[in-house]
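See below for the structure under consideration.
Nothing here was measured: the structure is a model prediction, and the numbers come from that model.
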Amino acid sequence: MGKGGKGAEAAAAAAAAGAGEEENMAAWLVAKNTLKIMPFKLPPVGPYDVRVRMKAVGICGSDVHYLREMRIAHFVVKEPMVIGHECAGVIEEVGSGVTHLAVGDRVALEPGISCWRCRHCKGGRYNLCEDMKFFATPPIVHPGDLCFKLPENVSLEEGAMCEPLSVGVHACRRADVGPETGVLIMGAGPIGLVTLLAARAFGAPRVVIVDVDEHRLSVARSLGADAAVRVSARAEDVGEEVERIRAAMGGDIDVSLDCAGFSKTVATALQATRGGGKVCLVGMGHNEMTVPLTSAAIREVDVVGIFRYKDTWPLCIEFLRSGKIDVKPLITHRFGFSQEDVEEAFEVSARGRDAIKVMFNL
């Protein structure tokens, strides 16, 4: 889990060796549907590290999934784990080799620490590093080069939103979204909505979004979707819905970004996208799907995936600073950091409905 997210063995070792170390409280995932606020010891600050006091932490869909299932795909929780990774805070201590940050700076944190030695890291795709350490929160020690100073007009909550926004930005880069790209987004959940904001910021002239929930579609409209199409969950409706989606676009669908991860949504994206276009699978959907690949292949529809993100924080912060993206409407619920607050916050996030992004203020 990296320096900021200790497993039980690392926490025990730190506690045994760490007389005099600062003790912090964190929300630990200890079993299915069980979170407990418990202490752990912070490691020392290395020469290129900083210590950050967390101030804003968002709940990610993956956090909720881990709480319910103790796993996502092949990522399995085998021991107690500190949960949370969408975060921003204030620098409390800097290592001797850190020159671009100072105590008191407000920063957004990129949560993955890659090895910088493997072929993926050396080739510039460090998000694919197989030795990635992905931390959790609150207070952490983290490499200074993964902490990004926030401008005065960007709040700590907006800084924490850089993590989910990075998913949308990375997806738009992978899909080559630009000023000549008609974009279809499958799913108006939190990731679908930040992908909508990113596509707009990348210059997409028309964006259509699809979901089964009318409330989420109304939010998408308020955020700038040109059209919002309500669909069913029935696979037999794909053909008719593709026609409605194409009519809503009013032209070619050059890129489809699937932010839902179901067989039906991927099938819809593959069928709706023009020949020679691109479908991007955003996030971790169902492990096994039945989709019409042959018909997509003979139309040379490219299918790409994304895993996390890379080199996105500076651009996300610039989008927020300049006003090209406003994430504030996505933050719908706020909680403090008590056992009761943590449990209620995860219940609110899990049930969805009017909850888009649930945020802890620490």
Side-chain angles (χ1 to χ4, degrees), residues 56 58-61 86 153-169 171-172 175 177-179 181-233 241 244-251 253 255-260 265 268-269 272 280 282-283 315-335 345 348-359 361:
I59 296 179
C60 177
E86 302 177 358
N153 67 330
V154 177
S155 70
L156 286 161
E157 285 190 338
E158 292 172 280
M161 289 293 292
C162 284
E163 199 279 342
L165 181 57
S166 285
V167 176
V169 166
C172 287
V177 172
T181 313
V183 174
L184 168 65
I185 297 175
M186 301 299 301
I191 292 301
L193 294 174
V194 293
T195 302
L196 162 64
L197 294 174
R200 276 293 189 222
F202 274 79
R206 188 163 180 82
V207 181
V208 174
I209 194 162
V210 173
D211 202 277
V212 298
D213 184 86
E214 183 56 41
H215 173 71
R216 291 292 175 92
L217 292 175
S218 69
V219 173
R221 293 186 191 98
S222 72
L223 294 175
D226 294 289
V229 180
R230 187 174 183 181
V231 295
S232 76
E241 290 170 355
R244 288 198 286 124
I245 292 166
R246 287 174 173 166
M249 180 64 73
I253 296 171
V255 167
S256 292
L257 299 129
D258 181 71
C259 301
T265 58
T268 302
C280 182
V282 183
L315 182 57
C316 288
I317 291 172
E318 175 56 23
F319 280 154
L320 296 173
R321 184 204 65 79
S322 66
K324 290 191 73 173
I325 287 180
D326 182 8
V327 294
K328 293 188 292 294
L330 300 181
I331 304 170
T332 55
H333 294 75
R334 294 172 173 85
F335 290 87
V348 169
S349 184
R351 70 172 178 252
R353 300 177 191 169
D354 62 335
I356 298 175
K357 181 55 61 179
V358 177
M359 187 76 65
N361 290 306

Heavy-atom side-chain proximity of [X] to [Y] below 4.5 angstrom:
X	Y	value
Val210	Thr268	no
His333	Ser349	no
Glu157	Lys357	no
Leu197	Phe319	no
Val327	Ile325	yes
Val229	Arg246	no
Leu330	Leu223	yes
Asp354	Thr332	no

What distance do [X] atom [atom1] and [Y] atom [atom2] have between them, rounded to the nearest 0.5 Å?
X	Y	atom1	atom2	answer
Arg230	Ser218	CZ	OG	10.5 Å
Ile331	Ile356	CD1	CD1	10.5 Å
Glu86	Leu165	CD	CG	10.5 Å
Ile191	Leu196	CD1	CG	12.5 Å
Glu158	Leu320	CD	CG	5.5 Å
Ile253	Leu184	CD1	CG	5.0 Å

(message) I'd like to know if Arg221 and Glu214 make a salt bridge, using a cut-off of under 4.0 Å between side-chain N and carboxylate O.
(response) yes

Taking all heavy atoms of [X] and all of [Y], pick out the closest pair and write down the distance.
X	Y	result
Gly192	Ile209	O-CD1, 4.2 Å
Gly189	Asp211	N-OD2, 4.1 Å
Ala269	Met186	CB-CG, 4.2 Å
Gly159	Val154	N-CG1, 4.3 Å

